[in-house]
Amino acid sequence: MLKVDLHCHSNVSDGVMTPQAVAAHARQGGVDVWALTDHDEVGGIADARAAAAEQGMRFVTGVEISITWASETVHIVGLQIDEQHPVLTAGLARIRSGRDHRAREIACQLAAAGIDGAYEGALKYVGNPDLMSRTHFARYLVEIGACANIAEVFRKYLSEGRPGYVPHAWGTLAETVGWIRAAGGVAVIAHPGRYRFSQLAQGQLFDEFRQLGGAAIEVVTGSHTPDQYPEYAQLANYYGFLASRGSDFHAPGESRVDFAALPPLPANVTPVWHDWF
Ligand code: AMP
Ligand code: MN
Ligand code: MN
Ligand code: MN
């Protein structure tokens, strides 16, 4: 059976490895079909595609786009996109454009909470100056000993209601699914189990997404707990979605599972890749 992993990050967004190094790491983890899905950015795809070919992996173009839905940040993965499609690249450029300003505001809030120099500190971890992320701040706060690990940083800082949380208006669900579809891609709701929606709101998100032409949800992801795999498999079937799978790898040791340890999709779902090869 092919091992398919359709969600991970390089240092073109908030991962720590180059696209080439992520490709090698994915291959080491047994991946046969691989997508790099950097946040709001397709700048790593050319290198990733070449590296995948070198590693003998089948490559799938991808991106993970931040949206705001019902006042919450939700992530939509686009797969099999034409990464050069002007509708997509213009949309992504627009949503990236607020990140530096937001990063400076995050740093101001952290300074008020007693953590100085966070902008410069986070910048040391940034591979792409257009894409300053909360993850870069989290790595800096761990570095200086303000927190023991990344998860603690998000608990104490950077999350809603905490110092260092700066609300940001990303794009809408409709426009984002529109960009992905314009670029010939398949839209997937990333790690649906991670959002704090009520069952009702989650159902509304799924219905709206499907009406817009969204095709799949992630079922097995490093951002779900193992008990969420069967739960979201059932929801995928109930709502008529295909199922996707991906580690959401950012850095060695930073998340619960790596490429190698992520289990396969449950047998009762239809994989998003069922008609790709
Ligand atoms: P941003 O796009 O700058 O808002 O950053 C979002 C990124 O922060 C996500 O893609 C994750 O990589 C990371 N993140 C968000 N929440 C958490 C969390 N609770 N624990 C670890 N990483 C998180
Ligand atoms: Mn991330
Ligand atoms: Mn995500
Ligand atoms: Mn991700």
Side-chain angles (χ1 to χ4, degrees), residues 5-17 22 35-41 44 62-69 71-79 92 95-107 109-110 118-119 122-123 125-142 147-162 164-171 176 187-196 205 216-225 228 232 244-258:
D5 193 298
L6 301 175
H7 188 149
C8 69
H9 300 276
S10 74
N11 65 355
V12 171
S13 66
D14 62 346
V16 299
M17 297 162 110
V22 181
L36 177 71
T37 55
D38 274 314
H39 296 285
D40 308 328
E41 172 67 272
V63 64
E64 180 178 19
I65 307 179
S66 317
I67 71 159
T68 303
W69 190 86
S71 307
E72 291 276 337
T73 298
V74 168
H75 288 168
I76 304 295
V77 166
L79 298 171
L92 293 178
I95 58 166
R96 279 196 304 271
S97 66
R99 277 189 178 266
D100 187 68
H101 179 73
R102 169 183 180 244
R104 290 177 195 276
E105 298 222 331
I106 290 173
Q109 284 198 17
L110 289 173
Y119 181 85
L123 206 52
Y125 293 92
V126 170
N128 171 4
D130 284 349
L131 214 115
M132 259 188 106
S133 156
R134 285 185 290 162
T135 315
H136 301 116
F137 284 94
R139 294 195 182 112
Y140 176 66
L141 265 61
V142 172
C147 291
N149 53 53
I150 303 263
E152 187 185 327
V153 180
F154 277 93
R155 267 200 314 278
K156 292 191 175 162
Y157 304 95
L158 308 183
S159 304
E160 200 171 341
R162 300 285 175 176
Y165 180 75
V166 176
H168 193 76
W170 307 105
T176 300
V188 184
I189 298 178
H191 40 64
R194 218 172 78 181
Y195 313 120
R196 294 167 310 168
L205 172 65
I217 64 171
E218 287 184 342
V219 169
V220 172
T221 148
S223 292
H224 278 171
T225 56
Q228 287 175 323
Y232 281 90
S244 192
R245 173 189 184 279
S247 56
D248 208 357
F249 172 80
H250 285 72
E254 236 176 52
S255 47
R256 196 175 50 74
V257 289
D258 208 319

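Quick caveat, the model's predicted, so the values are computed rather than measured. Read the numbers this way: they start at 1 and go in the same order the structure lists the ligands and their atoms.
The shortest contact between atom 7 (C) of ligand 1 and any protein heavy atom is with T135 OG1, 3.4 Å. The shortest contact between atom 5 (O) of ligand 1 and any protein heavy atom is with S133 OG, 3.4 Å.
Listed by chain and residue number, nothing satisfies the side chain to side chain donor-acceptor pair (under 3.5 Å) test with T176 (two or more places apart in sequence, or in another chain). Under the rule for a side chain to side chain donor-acceptor pair (under 3.5 Å), the partners of E254 that lie at least two apart in sequence or sit in another chain are R139. Taking R256 as the reference, Y229 meet the side chain to side chain donor-acceptor pair (under 3.5 Å) condition, with sequence neighbours excluded.
Side-chain contact between L92 and E41 is absent, with no heavy atoms from C-beta onward closer than 4.5 Å.
For the Mn ion (ligand 3), the nearby protein N/O/S atoms, meaning those under 2.8 Å, are E64 OE2, H75 ND1, H191 NE2.
At least one N/O-N/O distance between H250 and ligand 1 falls below 3.5 Å. Annotation: D14 places an N or O atom under 3.5 Å from an N or O atom of ligand 1; distance criterion only. In terms of polar-atom proximity, R194 is not counted as a contact of ligand 1, lacking any N or O under 3.5 Å from an N or O of the ligand.
Between F137, Y165, F154, W170, it is F154 that holds the heavy atom closest to atom 20 (N) of ligand 1. Among H136, H39, R134, the residue whose heavy atom lies nearest to atom 10 (O) of ligand 1 is H39.
Cation-pi contact between R162 and Y157: absent, since separation from the ring centre below 6.0 Å together with deviation from the ring axis within 45° is not met.
Taken from CG in D14 to CG in L131, the straight-line distance is 7.5 Å, to the nearest 0.5 Å. Taken to the nearest 0.5 Å, the CD atom of E160 stands 5.5 Å off from the CZ atom of R196.
When distances from the Mn ion (ligand 2) to the N, O or S atoms of D14 are compared, OD2 comes out shortest.
Remark: the D5 side chain and the S247 side chain contain an N/O donor-acceptor pair separated by less than 3.5 Å.
Contact analysis puts R99 in contact with ligand 1, with a non-hydrogen atom separation below 4.0 angstrom.
The part of H75 lying near ligand 1 is the side chain, judged by heavy-atom distances below 4.0 Å. Only side-chain heavy atoms of R102 come within less than 4.0 Å of ligand 1; its backbone N, CA, C and O stay farther off.
Ring centroids of F249 and H9 are separated by 6.0 Å or more, keeping the two rings apart.
With hydrogens and angles disregarded, no donor-acceptor distance shorter than 3.5 Å links the side chain of S223 to the backbone of H191. Checked by atom type and distance alone, the side chain of Q228 pairs as donor or acceptor with a backbone atom of T225 at under 3.5 Å.
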